Amino acid sequence: MATALAAVAVEPRRTELREFPLPEIPPDAGLLRIEAAGMCGSDWPMYLSAKPGPRILGHEMIGIIEKLGDVARARWGVAEGDVVALEEYLPCGHCEYCRSGEYRSCLETDTRVAGSVRYGSTPLTQAPALWGGYAQYLYMHPRTVLHRVPPGIKPHVAAMALPLGNGFQWAYLDGGAGPGKTVVIMGPGQQGLGCLVAAKAAGSASIIVAGLARDAHRLAVAKELGADHCVAVDQEDLAGAVTRATGGRLADIVIDASSGGAATVNPALGLLRKRGTLIMAARKGAIAGFDLDQVINKQILLRGTRGHSYAAVELALQTMAAGTLPLERISTHVIGLSEVDAGLKMIGGESQVRSIHITVAPWKS
Ligand SMILES: [Zn+2]
Ligand SMILES: [Zn+2]
């Protein structure tokens, strides 16, 4: 019988390889042969959690459609053999959010809501178990959101469709990056670099990327992707650098994609010109001493953002197809299923090895 090998997160901090039977495919569903799955920072808290029980992590898949039901073939407009990128969301299609194109907010695919389903976080107990990207095959649920991958894009680059999609959502669609704009990006991880790619593709006038001295490699990649200035904030004063780079005008848009806690928030406000936009893309918890008066005095637009729209992922794929930016530099590791546990520890910063974007290639031996 045909089976799929998968790396299962069985308990906090432990994954093990297991084999699963390939499911029967109903008329409105499909089966994806996974070519590559990107590791995401959000895998880390899931790897540490005992709830909701054993599951296959990984929610940023690209692959080749292996099997399709007749209804799915007609609905999705694709055929067996097509290369597609999947979103993590499995939206209901009929709620207010879905009806207005904001399906990433749909409660039926929100992992905090009981009974919801989403790729990379749904437990094995929900049939047919193959809900995650760190596996050879994935069950394509009837509510799958897919994108065609343009030809010629290597799997480890195509696997960045969602983090780059986040970049287009946060920097361009939500933040308004574009001609004449100065954009500051705090945090040079894969999401921050995704914002850089989007801000660059949108034609921003000046882009400043901030990180720490230990992020030297990430900042070097930011330079290659077109950042005008890179600042290690533990070695150089960021406010001074932004003031100098803008002739005192300060930034139009600041995106905080840094994992460094609440300490970055008030400094981020200080980098903005009047009526600038602060995009908060990383959770910070409750913030003591939040400088609300600065938000009011400078009439700052403060916006929390999460995930991506359909349009944002399409823009990411088009940017890959254009081939004008050295996106492969963001990819630091391609690993097999047996290395998923080590990869997750890299994501969580518990490894000596520093990574930016890690791709799991489930057929790699
Ligand atoms: Zn993700
Ligand atoms: Zn919905």
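Quick caveat, the model's predicted, so the values are computed rather than measured. Positions are given from 1 along the sequence. Counting starts at 1 for both ligands and their atoms, following the listed order. Worth knowing before you read on, the calculation uses all heavy atoms, side chains too, and leaves out hydrogens, waters and symmetry mates.
- Using bins of under 30°, 30° to 60° and over 60° for the plane-to-plane angle, the ring pair Tyr89/His308 lands in the tilted bin.
- Side chains of Asp341 and Thr15: a donor on one and an acceptor on the other come within 3.5 Å.
- The name of the N, O or S atom in His59 nearest to the Zn ion (ligand 1) is NE2.
- For the side-chain contact (heavy atoms from CB on, under 4.5 Å) test with Gln294, the passing option among Leu278, Leu269, Leu272 is Leu269; the others fail.
- Using modelled atom types, no side-chain atom of Asp256 and backbone atom of Met280 make a donor-acceptor pair closer than 3.5 Å.
- Any protein N/O/S atom under 2.8 Å from the Zn ion (ligand 2) was counted, giving 4 altogether.
- Leu162 and Val145 end up in different hydrophobic clusters when Ile, Leu, Val, Met, Phe, Trp and Tyr side chains are linked at under 4.5 Å.
- A distance of 8.5 Å separates NE2 in His357 from CD in Gln191, rounded to the nearest 0.5 Å.
- Between the Zn ion (ligand 1) and Glu60 there is an N/O/S contact shorter than 2.8 Å.
- Between the side chains of Glu314 and His147, a donor-acceptor pair is found at a separation under 3.5 Å.
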